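Heads up: the structure comes next, in structure tokens.
Keep in mind the model is a prediction, meaning the values are calculated, not measured.
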Amino acid sequence: MNDVLEDFRRSVAEFAKDRLAEGALERAHQGEYPRDVARLLARQGLLGLSIPEDRGGQGAGLRAAITAIQAVASACPRSADIVQAGNFGPIRTFAEYATDEQRERYLPGLLSGDLLIALGMSEPGAGSAVTELTTSATRDGGGWRVSGTKVFSTHSADADVYLVYVRFGPGVGGIGSVLVDRNALGLTVGPPSRYLNGEHWCPLYFDDCHVPDTQVLLGEGGFKKQISGFNVERLGNSARSIAVGRHAFDVATEYLLTREQFGRPLAEFQGLQWMFADAAVKLESAQLLLDRAATNGDRDGLPSGVDTAMAKLAANQAGFFAADVAMQAMGGTGFGEDSIVEYCFRRTRGWMIAGGSVEILKNRIAESVFGRKFSQRAR
């Protein structure tokens with residue numbers, strides 16, 4: 001990390017410790033999106049870091065946004081989700097490909113913490129096989145009629161606008177995306193369901209929902225651009241995986257130094273030492289892969305698919321391993337809801353599914369190794 005980034009990290013970590021450390025456990029068990037924290041982080045200048053200046057953002061780059069996520073997570077893991085939402089995922093894809101009119105309409109609110117955007121990608125019959133999506137956009141005068149169902153969308157319970165993957169025509173080339181306001185006629189936000197990590201999501205039902213041409217983000221043929229933007233989301237996922245796993249790791253490390261059993265600190269037991277040595281190596285290794293992907297992405301405009309696959313795979317596994325080790329070492333204390341470690345364990349487990357499962361990531365990496373595509377479809 002260069003001196004500028006290190007100074008930035010220290011500044012954000014100090015802010016997070018001062019303003020967010022208190023109440024971190026309560027936020028971890030809060031299902032709703034904490035808009036008060038979003039506005040606080042916006043005033044601190046931590047939203048829009050990854051968005052280029054000519055797209056309406058700060059132009060600080062991917063590494064700066066990752067640094068902010070991890071510095072905030074060091075004090076409050078839940079608040080790191082807001083930094084993610086303001087830099088990665090649908091907001092980054094939106095900022096990259098939106099028209100000037102669309103940016104003027106949504107981006108100021110998204111970067112002030114007053115608005116929240118969610119991605120509508122997965123469907124009941126199209127998860128990892130996203131190109132099998134069936135949500136349709138049919139031409140209707142000066143706009144489109146959208147019909148279909150989306151599930152498992154992060155922030156769907158609280159979002160003000162949705163970036164929705166739709167099918168304008170057949171095949172991969174027929175896939176694009178539209179922007180749909182929460183109060184749009186024909187959109188029903190279903191009842192909330194709760195994930196293991198405590199977050200809520202709602203199914204999105206589109207029933208002949210009218211979308212004007214001005215709300216089309218990427219038309220027919222836009223799928224590859226959307227997925228290149230989705231690679232950026234995976235970096236944010238990776239950053240939080242490492243940071244939240246490290247948070248649990250740090251809490252448990254302090255616990256092992258002070259907790260005594262059999263007349264000596266737990267840190268003196270070799271079995272526990274080896275567990276924490278393994279976790280430290282995994283966390284540091286994953287961080288290096290993440291930094292490489294982000295550095296290359298800053299240089300090239302967007303990160304590559306294989307760089308992000310390697311970074312996310314390593315980060316997801318390292319974060320969960322560290323949180324698991326922390327919980328095991330702390331015993332009942334770490335297993336209870338009174339400990340932030342329990343939340344970190346649940347949170348890191350989910351990221352091995354969300355944003356591309358570890359199995360899908362391995363498929364992508366294998367294609368790079370062998371220099372060819374491996375279709376997963378039945379023949």
Is there a donor-acceptor contact under 3.5 Å from the side chain of Arg240 to the main chain of Gln84? no
Testing the basics here: between Ile91 and Ala85, what is the closest heavy-atom pair and its distance to 0.1 Å? CG2-O, 3.2 Å
For residues Leu49 and Ala64, report the shortest heavy-atom separation together with the two atoms involved. CD1-O, 4.1 Å
Donor-acceptor side-chain pairing of Thr154 and Tyr195 below 3.5 angstrom: no
Which atom pair, heavy atoms only, marks the closest approach of Leu361 to Ala309? CD2-CA, 3.9 Å
Nearest atoms (heavy-atom pairs only) where Gly245 meets Thr348: N-CG2, 3.9 Å
Kindly give the heavy-atom pair with the smallest separation between Lys282 and Ala318, and that separation in Å. O-CB, 3.4 Å
Salt-bridge contact Arg139-Asp213 (side-chain N to carboxylate O under 4.0 Å): yes
Any chance you could measure Ile175, atom CD1, to Thr131, atom OG1, to the nearest 0.5 Å? 5.5 Å
Exceeds 12 heavy-atom contacts within 6.0 angstrom, atom CZ of Arg55: yes
Checking the side chain of Asp298 only, and the main-chain atoms of Leu62 only, is there a donor and an acceptor separated by less than 3.5 Å? yes
What do the steps show when you test Leu179 against Leu163 for side-chain contact (heavy atoms from CB on, under 4.5 Å), and what is the final call? CA-CA 5 Å; Leu179 300 167; Leu163 194 167; 4.2 Å; yes
Identified side-chain hydrogen bond (donor to acceptor under 3.5 Å, both in side chains) counterpart of Gln215 within the set Glu101, His210, Arg105: Arg105
Over 12 non-hydrogen atoms of neighbours within 6.0 angstrom of CD in Glu22: no
Mind checking whether Phe230 and Met121 have side chains closer than 4.5 Å, heavy atoms only? yes
Within 6.0 Å of CD in Gln328, more than 12 heavy atoms from elsewhere: no
Are Leu283 and Phe345 connected in a single hydrophobic cluster, I mean Ile/Leu/Val/Met/Phe/Trp/Tyr linked by side-chain heavy atoms less than 4.5 Å apart? yes
Find the distance between OG1 (Thr134) and CD (Glu123) and round it off to the nearest 0.5 Å. 4.5 Å
Any donor and acceptor pair, going by atom type alone, linking the side chain of His247 with main-chain N or O of Ala73 inside 3.5 Å? yes
Could you check whether any side-chain heavy atom of Thr214 comes within less than 4.5 Å of a side-chain heavy atom of Gln102, counting everything from C-beta outward? no
Report the distance from atom CZ of Phe206 to atom OG1 of Thr149, rounding to the nearest 0.5 Å. 8.5 Å
Look only at the side chain of Arg182 and the backbone of Ala159, and say whether a donor-acceptor pair between them is shorter than 3.5 Å. yes
If we ignore hydrogens and angles and just use 3.5 Å, is the side chain of Lys312 paired with the main-chain N or O of Ser238 as donor and acceptor? no
Going by heavy atoms in the side chains, are Tyr106 and Ile117 under 4.5 Å from each other? no
Please check if the side chain of His29 supplies one atom and the backbone of Glu337 the other of a donor-acceptor pair under 3.5 Å. yes
If the threshold is 4.0 Å, N to carboxylate O, is there a salt bridge linking Glu284 and Arg246? yes
Is the closest side-chain donor-acceptor distance between Gln287 and Asp291 under 3.5 Å? yes
Spell out, yes or no, whether Leu290 and Leu288 are grouped together once hydrophobic residues are joined by side-chain heavy atoms under 4.5 Å, including indirect joins. no
side-chain contact (heavy atoms from CB on, under 4.5 Å) partner of Phe88, chosen from Val83, Asn237, Ile69, Asn231: Ile69
When you check the gap from the basic side-chain N to the acidic O, do Glu14 and Lys17 get nearer than 4.0 Å? no
Check whether any side-chain N or O of Ser11 sits under 3.5 Å from a backbone N or O of Phe8 as a donor-acceptor pair, and report yes or no. no
Take Leu217 and Phe94, measure what side-chain contact (heavy atoms from CB on, under 4.5 Å) needs, and give me the verdict at the end. CA-CA 7 Å; Leu217 182 68; Phe94 167 78; 4.2 Å; yes
Can you tell me if Asp300 has over 12 outside heavy atoms packed within less than 6.0 Å of its CG? yes
Is there a donor-acceptor pair under 3.5 Å between the side chain of Glu199 and the backbone N or O of Arg194? no
Donor-acceptor check, side chain of Asn296 to backbone of Asp307, threshold 3.5 angstrom: yes or no? no
If you measure from the Lys or Arg side-chain nitrogens to the Asp or Glu carboxylate oxygens, is any gap between Glu26 and Arg78 under 4.0 Å? no
Within 6.0 angstrom of Phe374 CZ, more than 12 heavy atoms from elsewhere: yes
Run the side-chain contact (heavy atoms from CB on, under 4.5 Å) test on Ile82 and Leu46 for me, step by step, so that the C-alpha distance in whole Å, both residues' side-chain angles and the decisive distance to 0.1 Å come before the verdict. CA-CA 9 Å; Ile82 291 92; Leu46 299 180; over 6 Å; no
hydrophobic_cluster_shared for Phe249 and Leu25, side chain cutoff 4.5 Å: yes
Verdict with reasoning, Lys362 to Glu359, per salt bridge (Lys or Arg N to Asp or Glu O under 4.0 Å): CA-CA 5 Å; Lys362 289 179 181 180; Glu359 293 78 18; over 6 Å; no
Please give me the minimum heavy-atom distance between Val180 and Val211, naming the atom from each residue. CG2-CG2, 4.0 Å
State the CZ-CD1 distance between Arg92 and Ile51, to the nearest 0.5 angstrom. 7.0 Å
Without swapping roles, check the side chain of Arg27 against the backbone of Val37 for a donor-acceptor pair under 3.5 Å. no
Under a single-linkage definition using a 4.5 Å side-chain heavy-atom cutoff for Ile, Leu, Val, Met, Phe, Trp and Tyr, are Leu119 and Phe152 assigned to the same hydrophobic cluster? no
For side-chain contact (heavy atoms from CB on, under 4.5 Å), just list the numbers for Trp201 and Val151, CA-CA rounded to whole Å, side-chain angles, deciding distance to a tenth of an Å, and then say yes or no. CA-CA 8 Å; Trp201 67 274; Val151 295; 3.9 Å; yes
Would Met310 and Ile242 show up in the same hydrophobic cluster when neighbours are defined by side-chain heavy atoms closer than 4.5 Å? yes
